[in-house]
Structures are given as structure tokens and as C-alpha cells.
There are 2 protein chains.
Amino acid sequence: MPNCTMNECGKSVVYTLSVVGGKWKWIILAILFENGVQRYGEIKKSASAITHKMLSQQLKELEAEQLILREEYHQIPPKVEYSLTEKGKTLIPIIQLMADWGTKYKPSK
Amino acid sequence: MPNCTMNECGKSVVYTLSVVGGKWKWIILAILFENGVQRYGEIKKSASAITHKMLSQQLKELEAEQLILREEYHQIPPKVEYSLTEKGKTLIPIIQLMADWGTKYKPSK
DNA sequence: CCGAATCCTTGGCGATACTG
DNA sequence: CAGTATCGCCAAGGATTCGG
């Protein structure tokens, strides 16, 4: 446990969670990681439990944090594609560990 | 969370986040990881932003998930110690990555 | 097809007080 | 010192609509 001196570790975790807060952001990032470039509707379909409002909101926040890239095609009908930025890709190891942990401990039905 | 038409990786992330939901749980786990066995008051002090009610609640949930161990000493005044269980320790790699990420991207004061 | 704005409900969470 | 219970607020988030 290097560089984890008294509370520094905890504070860094606090910071990370303040940037990627709540579970929706992790899930959205996982979807983009798995499927690459995705349109709004594709993400929505992958995470059907999320509401329209929540998804737009979370995407906007992730974009503001420079974790995802938003590319808008000015056309009718509109088309917007999202993808991970380089910074967003640095979160992949965490997402993978989360996925591994979930796979291991998820009750098999 | 129900009927997510998602691929396996995404589902596993969803499961993980359903077990360790919200930021408080990660922070509590980080504190126990850093400092080892901790009394209630010590945790409270490390995460001063958390309220009394929240802390008890989160601790109870973490205990129910078998991620932390609660040891009560029946004495006056009461003394209760918390520590990571073996299952809880399996989350350490994730916490460490979160700490590393936070350290790297946290704006320098 | 995508996103913003509005309205409205709900429960998360804080504050406080009380018990063992 | 540790935990539980109660009350009440406010904001998170759901449903819907409109506009580009």
C-alpha cells in the first residue's frame, strides 16, 4: 500500500467519487467501454432502466469532466455520438475490476 | 436496475454498484483499508463530513453484505470495532485504483 | 432523434433527542 | 460511546411536453 498515507488515500477516493459520482456514470462509461462509439439511443437502450432526463444529465456532466466526447452531426434527424476520451479511458481499469468483482460475487441464478 | 438489456460486463458493474452503492461505502472501506481495525468514533472522525445517522446506516449495510466485521465489546462505555472481512478485502484493488486516479487528477491545492 | 424545460412526487439525508 | 427513532426539508429524479 504505497502512497496511501494517513487519509491521503481516503481523500483521493473522495475526489474520484466526486468526479464519477453515483452509479449511472460508471454504467455509462462501462457501456462506452464495451461498445465503443455509441449514439444516444444506443446507450439508452443498453441501460433501459435509466430515464431520458437522467441520461442526458449524466452525459452532460461526464462531458464537462472531459471523460466522454460528444460529437453532434447537424442534420435532420439529429445524430449524436459519444465515446470515451483519453481521460475517460484511464477509468477503464477500475471498471474492469468492478465487472470482475461483480461476476465473481453475483449470485448465479 | 431491473430489466437492463445489457451485456455481461455492464450487468456485473451494475451488480457491484448495487452492493457498494453510493460514495459513503467506498469511503468507509477506504478508511478501514488504510487504518485497519477502527472504532466507530475513529471512522466518524476520518470522514467528518458524514453524519452520525448516515454512518451507522452505511455500516449496518456493509455488515449485512459481509464486507465488514463488527465486533462489540459489552462494556460501559460501549466499544465497537470494525474491520474488513475477507470479502471486503477483495475490494481493495478497486479502492486503490480509485485512490491512484484521484491522486493523479486531483487539482493541486 | 436528441435535448431542454416544466411540473411534481418521493425518499434521502440532516438535525435532534433519547436509550443502554 | 455507540446506536435507534422521529420529524421535516429540500433536492434528486421521474413523467411529460415542446422545440430544433
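Note that this is a predicted model, so its numbers are computed, not measured. Below, chain A is the first sequence line, B the second, and so on; all start at residue 1.
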- Message: Is it true that B:Y40 and B:E81 share a donor-acceptor pair across their side chains at a distance under 3.5 Å?
- Response: no
- Message: For D:dA2 and B:R39 - does any side-chain N or O of the residue sit under 4.0 Å from the phosphate oxygens OP1/OP2?
- Response: yes
- Query: In Å, rounded to the nearest 0.5 Å, how long is the span from CD1 of A:I28 to CG of A:L84?
  - Reply: 11.0 Å
- Whole-Å distance between C:dC2 P and A:M54 CE? 18 Å
- Query: Base, sugar-phosphate alone, or nothing: which one does A:Y82 contact when heavy atoms must sit under 4.0 Å apart?
  - Reply: sugar-phosphate
- Query: For D:dT4, does either OP1 or OP2 sit under 4.0 Å from a side-chain N or O belonging to B:K60?
  - Reply: yes
- Item | Interatomic distance, A:E81 CD vs C:dC2 C1' [rounded to whole Å] | 13 Å
- Query: Does atom CD of A:Q66 have more than 12 heavy-atom neighbours, drawn from other residues, nucleotides or ligands, at distances under 6.0 Å?
  - Reply: no
- Distance, rounded to the nearest Å, where B:H74 contributes NE2 and D:dC1 contributes P: 19 Å
- Task: Assess whether salt bridge (Lys or Arg N to Asp or Glu O under 4.0 Å) is satisfied between A:K60 and A:E63, documenting all intermediate values.
- Result: CA-CA 5 Å; A:K60 209 161 40 171; A:E63 190 196 359; over 6 Å; no
- Message: Check this one for me: any side-chain N or O of B:Y40 less than 4.0 Å away from OP1 or OP2 of D:dT4?
- Response: no
- Task: May I have the distance from A:L55 (atom CG) to C:dG3 (atom P), rounded to whole angstrom?
- Result: 8 Å
- side-chain contact (heavy atoms from CB on, under 4.5 Å) partners of A:V14, counting only residues at least two apart: B:I27
- Query: Say you draw a straight line from NZ of A:K45 to CZ of A:R39; how long is it, rounded to the nearest 0.5 Å?
  - Reply: 10.5 Å
- Message: Distance check needed: C:dG12 C1' versus B:Q58 CD, whole Å only.
- Response: 11 Å
- Message: What is the separation between atom CD on A:Q57 and atom C1' on D:dA15, rounded to the nearest whole Å?
- Response: 14 Å
Please list, pair by pair, any protein nitrogen or oxygen found under 3.5 Å from a nitrogen or oxygen in nucleotides 15-20 of chain C.
none

- Expressed in angstrom and rounded to an integer, what is the separation of A:K79 atom NZ from C:dG3 atom P? 13 Å
- Message: Give me each pair satisfying salt bridge (Lys or Arg N to Asp or Glu O under 4.0 Å) with a member in residues 65-78 of chain A, each pair once, sequence neighbours excluded.
- Response: A:R70-A:E72
- Atom NZ of A:K25 to atom C1' of D:dG13: distance rounded to whole Å? 13 Å
- Taking OP1 and OP2 of C:dG3, is either one under 4.0 Å from a side-chain nitrogen or oxygen of A:R70? yes
